[in-house]
Amino acid sequence: AYSRFWESVSLTHKIRGQWTNAYSSLLAFCSPDPAKKEAVNHFREYLLRLMSLLHCYALHQVCELADDRLEVVDLSGLSPDTVEFLHSC
């Protein structure tokens with residue numbers, strides 16, 4: 001049981017690292033054009049919230065928590081319809 005626990009911890013950290021690399025890669029391809037600065041910032045913030053939700057939902061699949069709550073980045077940048085849709089998935 002001990003070795004299975006540490007294997008799951010290692011795999012969880014590996015997944016988080018791969019998602020961080022994916023997020024960084026997506027940010028690297030953002031346009032540096034000053035005319036698109038506002039749209040790029042909106043995209044970055046939106047992507048950050050989605051990645052935070054992805055990590056939270058993945059942890060919910062493998063964790064057994066007493067209160068079943070994990071913190072995520074502020075969802076105010078997502079529309080209520082988007083949050084409802086993601087919650088229903």
Side-chain angles (χ1 to χ4, degrees):
Y2 184 77
S3 65
R4 283 185 290 167
F5 168 79
W6 283 110
E7 181 181 4
S8 67
V9 170
S10 298
L11 291 174
T12 303
H13 284 285
K14 183 178 179 181
I15 289 170
R16 185 180 66 183
Q18 290 174 343
W19 287 339
T20 302
N21 287 340
Y23 176 74
S24 298
S25 295
L26 288 169
L27 293 182
F29 287 103
C30 289
S31 175
D33 184 4
K36 297 179 181 179
K37 184 176 181 176
E38 187 176 330
V40 168
N41 284 340
H42 176 72
F43 171 75
R44 288 178 175 180
E45 291 174 6
Y46 195 81
L47 186 61
L48 175 65
R49 287 174 173 87
L50 290 176
M51 294 299 284
S52 176
L53 283 173
L54 176 66
H55 192 249
C56 178
Y57 285 134
L59 288 177
H60 271 284
Q61 293 296 314
V62 297
C63 293
E64 292 183 15
L65 302 172
D67 63 0
D68 209 26
R69 291 188 310 183
L70 294 171
E71 291 185 28
V72 295
V73 174
D74 182 28
L75 299 180
S76 65
L78 301 176
S79 70
D81 292 337
T82 302
V83 174
E84 184 179 328
F85 173 77
L86 292 171
H87 193 65
S88 68
C89 292

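Every value quoted in this text rests on a predicted model; they were computed, and no experiment measured them.
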**Message:** What's the separation between atom CG in Leu54 and atom CG in Leu86, rounded to the nearest 0.5 Å?
**Reply:**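 Rounded to the nearest 0.5 Å, the CG-CG separation comes to 10.0 Å.
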**Prompt:** Could you give the distance from CG (Leu50) to CZ (Phe43), rounded to the nearest 0.5 Å?
**Reply:**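 One gets 9.0 Å once the value is rounded to the nearest 0.5 Å.
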Pairs under 3.5 angstrom only: tabulate donor-acceptor contacts from the side chains of residues 55-63 to other protein residues two or more places apart or in another chain.
{"unit_1": "His60", "atom_1": "ND1", "unit_2": "Asp68", "atom_2": "OD1", "d": "3.2"}

**Message:** Working note: Tyr23 + Leu27, criterion side chain to side chain contact (heavy atoms under 4.5 Å, CB included); need CA distance, chi angles, decisive distance, verdict.
**Reply:** CA-CA 6 Å; Tyr23 176 74; Leu27 293 182; 3.3 Å; yes
**Asked** Is there a path from Trp19 to Val72 through hydrophobic residues (I, L, V, M, F, W, Y) whose side chains come within less than 4.5 Å of each other?
**Response**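 No: no chain of side-chain contacts under 4.5 Å links Trp19 to Val72.
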**Transitive ILVMFWY side-chain link Leu78 to Leu26, under 4.5 Å** = no
What residues, two or more places apart in sequence or in another chain, satisfy side-chain hydrogen bond (donor to acceptor under 3.5 Å, both in side chains) together with [X]?
X: Asn41; result: none
X: Thr82; result: Ser79
X: Arg16; result: His13
X: Ser24; result: none

**Message:** As a test of understanding, state which of Val73, Leu47, Leu70 forms a side chain to side chain contact (heavy atoms under 4.5 Å, CB included) with Ser52.
**Reply:** Val73
**Request:** Quick one: name the residues clustered hydrophobically with Val40, using the 4.5 Å side-chain heavy-atom rule over I, L, V, M, F, W, Y, and just say none if it's on its own.
**Result:**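 Members alongside Val40: none; it stands by itself.
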**Message:** Could you go through Arg49 and Ser76, starting from their C-alpha distance and side-chain angles, then the distance that decides it, and tell me whether this counts as side chain to side chain contact (heavy atoms under 4.5 Å, CB included)?
**Reply:** CA-CA 9 Å; Arg49 287 174 173 87; Ser76 65; 4.1 Å; yes
**Request:** Report the C-alpha distance between Val83 and Leu53 in whole Å, list the side-chain angles of each, state the deciding distance to 0.1 Å, and finish with yes or no for side chain to side chain contact (heavy atoms under 4.5 Å, CB included).
**Result:** CA-CA 10 Å; Val83 174; Leu53 283 173; 5.8 Å; no
**Message:** Hydrogens and angles aside, do Tyr2 and Trp6 bring a side-chain donor and acceptor to less than 3.5 Å of each other?
**Reply:** yes
**Message:** Within the supplied structure, the quantity of interest is the number of heavy atoms (other residues, nucleotides, ligands) at a distance under 6.0 Å from Gln18 CD; does it exceed 12?
**Reply:**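 For Gln18, atom CD is crowded (more than 12 foreign heavy atoms under 6.0 Å).
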**Side-chain donor/acceptor of Thr12 to backbone N/O of Ser8, under 3.5 Å** =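 Side chain of Thr12 to backbone of Ser8: a pair is present.
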